[in-house]
There are 2 protein chains.
Amino acid sequence: MAGRRAQMMEETKGRLVQAARRAFAEKGYAGASMDDLTAEAGLTRGALYHHFGDKKGLLQAVIDQIDAEMAGRLRVVGERASHPWRGFLDEYRAYIEMALEPEIQRILLLDGPAVLGDPSRWPSQNACLAETTLRIQGLVADGAIPPVDAEAAARLLNGASLHAALWVAASDAPEATLAKALDAFQRLAEGLARPA
Amino acid sequence: MAGRRAQMMEETKGRLVQAARRAFAEKGYAGASMDDLTAEAGLTRGALYHHFGDKKGLLQAVIDQIDAEMAGRLRVVGERASHPWRGFLDEYRAYIEMALEPEIQRILLLDGPAVLGDPSRWPSQNACLAETTLRIQGLVADGAIPPVDAEAAARLLNGASLHAALWVAASDAPEATLAKALDAFQRLAEGLARPA
DNA sequence: CGATTTGACATACGTTCCGTATGTGTGCTC
DNA sequence: GAGCACACATACGGAACGTATGTCAAATCG
């Protein structure tokens, strides 16, 4: 009862999204051609506009997929830690390191906000941001850190992480820069942990 | 000895940059048409390509101008404060509020990095980032805060500020959101002030 | 079981816009 | 005052997006 038709359709959409991920990551959103991208998937622009409406719709689909993957990876990292606060720091360390991956940096962090606007308004609800917000709420609830607006803290820390990753990615000595960035990040995060 | 010719040329470049600021801010980089933009300045694309090379060159010129203005405004805010640490916080508060201005947010914070890449690689050297880095170096030198890599701290705080501004700008209740963002920001910044 | 319809996808077309190549007139130099 | 350099306009080619239309298989229904 899977529906032969619907199954083929999912297959098609998946191929298009995958090709788009590659194209957007390599050439950026503006530089990626819909003709080339669909041809690489063995299709034409007809299929693309039928399923995704327009170029922005395709970007949105790509972002939804990447965002979901990131949230899953972050959850694993956070839950693997013994101590809550330690897990929190590990999670952000993982976030910074993920933001170094060209696909994530280019598509989700640079082109995404520029083309689609503020991430919190995305239909995917930014699963990754929600994940870190929940984590902070948990820390507050457990009394591990003093009360704070969890969403505000998550947003600021995500912003700091993103810029850290941009800095590291463009650096001539990435590993040294990453160390500096992580050190500074921990200093900032500790501002949350200890009351004024 | 001003050179009638050179003076006219500066006038032309200025008019183009000003028209570009308006167009980029209103329609975004991708959505702005060079034809419309130059026509609004009473010129044609010929002038534009002669002076700026290509569309990215024009964006760079616009960004240089805005960046310089921001650095100047930040400096005034920081120097006006009595206490160094207080001045530091005031400066970032001003930064967040500036990032709410559509022109700055759209051009410098969203389209700029997406089109031109990491800001630290911009020819303008990101005067605004340099300004905040210097401020942090001053705090360390005066013993107001424990040693920290000033550039790393400045980058992370700028990133946090930017995301705070994006959040506030897209919010339904901007003033309440701004208050939450500023509160969270202060908590993070205090992580710099007090040693572990 | 055959006719009809739905929908996934391809093809063709018009429009827009960027970058370049070429033309032109005005102001500086000798 | 002649020649040249340069600021700027005009003309052209090409690429890319979105839409409108066509086609063919599969699901539906009498």
Side-chain angles (χ1 to χ4, degrees), chain A residues 1-63 106-107 111-112 114-117, chain B residues 1-63 107 111-112 114-116:
Chain A
M1 204 53 65
R4 191 93 198 92
R5 190 75 172 273
Q7 195 175 340
M8 291 278 292
M9 204 184 93
E10 282 309 310
E11 161 84 12
T12 294
K13 287 175 73 172
R15 291 225 311 275
L16 286 173
V17 169
Q18 189 161 357
R21 278 179 76 147
R22 286 245 306 271
F24 288 160
E26 283 176 15
K27 312 181 178 188
Y29 174 79
S33 157
M34 310 280 266
D35 279 313
D36 297 353
L37 180 159
T38 49
E40 192 184 357
L43 296 161
T44 69
R45 284 216 320 283
L48 205 156
Y49 281 94
H50 180 70
H51 287 293
F52 299 100
D54 61 357
K55 194 178 184 182
K56 286 164 81 167
L58 179 61
L59 176 63
Q60 185 70 66
V62 167
I63 283 180
R106 174 87 244 180
I107 300 177
D111 285 332
V115 175
L116 301 176
Chain B
M1 202 54 66
R4 190 93 198 91
R5 191 76 171 272
Q7 194 175 339
M8 292 279 290
M9 204 184 91
E10 282 309 310
E11 162 85 13
T12 294
K13 288 175 74 173
R15 289 225 311 274
L16 287 174
V17 168
Q18 187 160 358
R21 278 179 75 146
R22 285 246 306 269
F24 289 160
E26 281 176 17
K27 312 183 179 187
Y29 175 79
S33 157
M34 310 280 266
D35 279 313
D36 298 351
L37 180 160
T38 49
E40 192 184 356
L43 297 160
T44 69
R45 285 216 320 283
L48 205 158
Y49 281 94
H50 179 71
H51 287 294
F52 299 100
D54 60 359
K55 195 177 182 181
K56 287 164 80 167
L58 178 61
L59 175 63
Q60 184 70 66
V62 168
I63 283 180
I107 300 177
D111 285 333
V115 175
L116 301 176

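FYI, side chains are in, hydrogens and waters are out, and symmetry mates aren't considered; it's all heavy atoms of this structure. Every value quoted in this text rests on a predicted model; they were computed, and no experiment measured them. By convention in this document, chain letters (A, B, ...) are assigned in the order of the sequence lines, proteins followed by strands, and residues within each chain are numbered from 1.
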(request) Taking the side chain as every heavy atom from C-beta outward, state whether B:Leu16 and B:Phe52 have any atom pair closer than 4.5 Å. (result) yes

(message) Can you measure A:Leu58 atom CG to D:dA16 atom C1' for me and round it to whole angstrom units?
(response) 15 Å

(request) Determine, for nucleotides 11-17 of chain C in 5'-to-3' order, which nucleotides have protein heavy atoms under 4.0 Å from the base (write B), from only the sugar-phosphate (write S), or from neither (write -). (result) BB-----

(message) Taking the minimum atom-to-atom distance to the side chain of B:Met9, which one of D:dA7, C:dA8, D:dA9 wins?
(response) D:dA7

(message) Can you tell me how far apart CE (A:Met9) and OG1 (A:Thr12) are? Round to the nearest 0.5 Å.
(response) 8.5 Å

(message) Can you tell me which residue among B:Arg21, B:Arg22, B:Gln18 is in a side-chain contact (heavy atoms from CB on, under 4.5 Å) with B:Val62?
(response) B:Arg21

(request) Could you state the atom-to-atom distance from CG of B:Asp54 to C1' of C:dT20 in whole Å? (result) 12 Å

(message) Tell me whether the side-chain N/O atoms of A:His51 come closer than 4.0 Å to OP1 or OP2 in C:dC9.
(response) yes

(message) Please report the distance, rounded to the nearest Å, between CZ in A:Phe52 and C1' in D:dT19.
(response) 18 Å

(request) Examine distances only and state if a side-chain atom of B:Lys27 and a backbone atom of B:Ser33 form a donor-acceptor pair shorter than 3.5 Å. (result) no

(message) From C-beta outward on B:His50, which listed nucleotide comes closest to its side chain: C:dT20, D:dT19, D:dA7?
(response) D:dA7

(message) Would you say A:Thr12 places a side-chain N or O within less than 4.0 Å of OP1 or OP2 belonging to C:dC9?
(response) yes

(request) Could you check how far CG of B:Leu16 sits from P of D:dC8, rounded to whole Å? (result) 8 Å

(request) Kindly state which residues belonging to residues 19-30 of chain A come within less than 4.0 angstrom of DNA chain D, counting heavy atoms of the residue only, listed by number. (result) none

(message) What is the separation between atom NZ on A:Lys13 and atom C1' on C:dG7, rounded to the nearest whole Å?
(response) 14 Å

